[in-house]
Amino acid sequence: CITYNSLINGLCKLQRMAEAEGMIKEMVEKGVSLSIEAYNVLIDAYGRAGYFEKCFDIFEEMQEDMGLKPNVVSYGSLVNGFCKKGMLVEAEALFQDMVSRDVQPNVRIYNILIDAYCKQGELQKARKQVEDMKRSGISPSIVTYNTLIKGLSVRGNLTEAQDLALRLRDEGLSPDAITYTILISAYCNTSSTQKAIELYKEMEKLGLRPTSSTYHALISQMSIEGRMQDAENLFEEMLQRKLLPD
RNA sequence: AAAGCCACUACU
């Protein structure tokens, strides 16, 4: 099962979807039972490529051939495909369709929608989606917060982004390396270098591992400011951590 | 060792 999945997944990632699909057809003909995961990776790959018709075909095929009902991952994959192409109307419609079929949403599919709203600059809709999610009994995850924090940062609302980063603790969550990297990059981009450095230190204190993009943001900002020694020190530190410069 | 190896967030 895992081997089939990784094989199909590998083919999909290599954009050899026709082969992946052919393999599935062959398996169906031989009467080999296919997992829902195998179908889902196919939906994901076609969705990312924008072949939405194909996705709907697969939704039907999986039911007809294997009696598999699409689950939240099947829907999530296609909703994500729509969202990444900016097709929010279709994404919302599909989400509603899923709910009407009694497939329970989870935090991840909400996050997909929330991210799409943020990327379109629809912060109000994003927040509303978070409220809807909470009301239906689903708690936000750190990804939910990171998504909102990024959305706010991009629109220059760093104050609120920073505030959210504090408030996520009220939900029993802890910021992760991505939370810090988003904020550090945002502060660097607005030349609030001191603030960025403070966050970097805080991150260290919490034992969160900076990534190469965390360093990249700090080092390039320091270079811009002519703080070559600081930049070099950070560069050394990055190398010591076996992170490659990007 | 166990887990994980089907969809979500920074950078790419």
Side-chain angles (χ1 to χ4, degrees), chain A residues 1-13 17 20 24 34-49 55 58-59 62 66 68-84 91 94-95 98 103-119 126 129-130 133 138-154 158 161 164-165 168 173 175-189 196 199-200 203 208-221 238 243-246:
Chain A
C1 196
I2 286 171
T3 42
Y4 278 133
N5 284 341
S6 37
L7 193 53
I8 292 167
N9 207 346
L11 287 171
C12 288
K13 290 219 171 93
M17 269 122 71
I24 285 187
L34 273 164
S35 68
I36 191 158
E37 288 86 350
Y39 283 103
N40 287 347
V41 295
L42 208 56
I43 293 167
D44 177 57
Y46 277 122
R48 284 180 202 278
C55 294
I58 296 164
F59 268 68
M62 62 199 279
M66 292 293 155
L68 292 170
K69 283 217 175 300
N71 63 13
V72 66
V73 178
S74 323
Y75 282 98
S77 302
L78 182 47
V79 167
N80 191 38
F82 280 133
C83 284
K84 294 296 187 280
L94 186 63
F95 179 81
M98 177 189 83
V103 175
Q104 296 304 315
N106 61 14
V107 64
R108 278 172 86 151
I109 197 163
Y110 273 108
N111 287 343
I112 291 167
L113 291 169
I114 292 163
D115 180 56
Y117 290 130
C118 287
K119 294 277 194 296
Q129 197 66 259
V130 175
M133 176 176 79
I138 297 169
S139 304
S141 67
I142 188 61
V143 172
T144 316
Y145 277 94
N146 288 345
T147 303
L148 291 169
I149 289 167
K150 171 70 179 174
L152 289 163
S153 303
V154 164
L158 255 175
L164 261 193
L168 61 85
L173 297 168
D176 65 9
I178 292 180
T179 320
Y180 277 95
T181 301
I182 293 167
L183 289 170
I184 288 169
S185 304
Y187 280 120
C188 285
N189 289 337
L199 285 179
Y200 169 72
M203 180 177 191
L208 296 172
R209 282 261 170 268
T211 68
S212 55
S213 60
T214 320
Y215 282 109
H216 179 81
L218 287 164
I219 292 170
S220 51
Q221 180 56 27
M238 181 178 73
L243 290 172
L244 297 174
D246 55 9

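Note on naming: letters A, B, ... go to the chains in the order of the sequence lines (proteins, then strands), and numbering restarts at 1 for each one.
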Distance check needed: [N] [atom2] versus [X] [atom1], whole Å only.
X: Phe59(A); N: rC6(B); atom1: CZ; atom2: P; result: 17 Å
X: Asn71(A); N: rC6(B); atom1: CG; atom2: C1'; result: 8 Å
X: Leu183(A); N: rA10(B); atom1: CG; atom2: P; result: 14 Å
X: Ile184(A); N: rC11(B); atom1: CD1; atom2: P; result: 14 Å
X: Ile43(A); N: rC8(B); atom1: CD1; atom2: P; result: 14 Å
X: Asp176(A); N: rA10(B); atom1: CG; atom2: P; result: 12 Å
X: Leu158(A); N: rA10(B); atom1: CG; atom2: P; result: 16 Å
X: Lys84(A); N: rC8(B); atom1: NZ; atom2: P; result: 7 Å

Do side-chain atoms of Asp44(A) reach the backbone of Asn40(A) as a donor and acceptor pair under 3.5 angstrom?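 Pair absent, no side-chain N/O of Asp44(A) close to backbone of Asn40(A).
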
Check: Ala38(A) main-chain N/O paired with Ser35(A) side-chain donor or acceptor under 3.5 Å: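 The answer is yes, because a donor-acceptor pair under 3.5 Å joins these two groups.
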
[X] side-chain proximity, nearest of [options]:
X: Ile182(A); options: rC6(B), rA10(B), rA7(B); value: rA10(B)
X: Asn111(A); options: rA10(B), rC8(B), rA7(B); value: rC8(B)
X: Thr147(A); options: rC6(B), rC8(B), rU9(B); value: rU9(B)
X: Thr211(A); options: rA7(B), rA10(B), rU9(B); value: rA10(B)

Val79(A) near the nucleic acid: base, sugar-phosphate alone, or nothing, with a heavy-atom cut-off under 4.0 Å? nothing

For [N], does OP1 or OP2 lie under 4.0 Å from any side-chain N or O of [X]?
X: Lys150(A); N: rC11(B); value: yes
X: Lys119(A); N: rC8(B); value: no
X: Arg48(A); N: rC8(B); value: yes

Is it the case that the side chains of Thr144(A) and Thr147(A) hold a donor-acceptor pair, with the cut-off being a distance below 3.5 Å and no angle test?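 There is no such pair between these side chains.
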
Side chains of Asn80(A) and Ser77(A) only: does a donor on one sit below 3.5 Å from an acceptor on the other? no

Less than 4.0 Å between a side-chain N and a carboxylate O, is that true for Arg108(A) and Asp115(A)? no

Answer yes or no: side-chain N or O of Asn106(A) and base N or O of rA7(B) forming a donor-acceptor pair under 3.5 Å. yes

